[in-house]
Amino acid sequence: MADYFDRENDRTYTRVYKSETPDILQAFAQFDDAVFAGEGREIPLKYRELIAVAVGISTQCVYCIDGHTQRAIKAGATQAELAEAAWVSTAIRAGGGFAHGRLAFKFGDQSAVAHRH
């Protein structure tokens, strides 16, 4: 199953975006460039990259984890900072499970009330 992730060869499939939706691809690239610009943003690049690593971990996107980890290190992130970003992601994801778990109780109560009537 690990062979689904082939960073070098998978990039060749960008040709489909280039041929079928070049305008959207260009707009996305410009947007991404603006978000991760080296200068001119309020949040320093290292922290934006650490945020991206944490989001990549949360969404379980191996491409994001790979690329943004490399970029975070290039921007000066340490192993300790990467570890904390991973824990932040883990805490948020676990917290989301906790909070959404409460919805099961809420919907269960609503269902029980509906079935009583």
Kindly give the heavy-atom pair with the smallest separation between [X] and [Y], and that separation in Å.
X: Gly56; Y: Cys64; answer: CA-CB, 3.9 Å
X: Val35; Y: Arg41; answer: O-CD, 4.0 Å
X: Ala54; Y: Ala85; answer: CB-O, 3.6 Å

[atom1]-[atom2] distance between [X] and [Y], expressed to the nearest 0.5 angstrom:
X: Arg71; Y: Asp66; atom1: CZ; atom2: CG; value: 11.5 Å
X: Trp87; Y: Ile57; atom1: CH2; atom2: CD1; value: 10.5 Å
X: His68; Y: Glu49; atom1: NE2; atom2: CD; value: 5.5 Å
X: Leu50; Y: Thr69; atom1: CG; atom2: OG1; value: 8.5 Å
X: Arg93; Y: Thr90; atom1: CZ; atom2: OG1; value: 9.0 Å
X: Ile65; Y: Gln60; atom1: CD1; atom2: CD; value: 7.5 Å

Applying the 4.5 Å side-chain criterion to the ILVMFWY set and letting contacts propagate, would [X] and [Y] be lumped into a single cluster?
X: Val55; Y: Phe36; result: no
X: Phe28; Y: Val16; result: no
X: Leu45; Y: Phe31; result: yes

**OP:** Under the side chain to side chain contact (heavy atoms under 4.5 Å, CB included) rule, what do Ile51 and Val88 come out as? Steps first, then yes or no, please.
**Re:** CA-CA 9 Å; Ile51 291 167; Val88 167; over 6 Å; no

Subject >> Other residues, nucleotides, ligands: >12 heavy atoms within 6.0 Å of Leu103 CG >> reply: yes

**OP:** Please say whether more than 12 non-hydrogen atoms of neighbouring residues, nucleotides or ligands are located less than 6.0 Å from CD in Gln110.
**Re:** yes

Subject >> Salt-bridge contact Lys46-Glu81 (side-chain N to carboxylate O under 4.0 Å) >> reply: yes

Original post:
Can a cation-pi geometry be assigned to Arg15 and Tyr17, taking NZ or CZ under 6.0 Å from the six-membered ring centre and within 45° of the ring axis?
Top reply: no

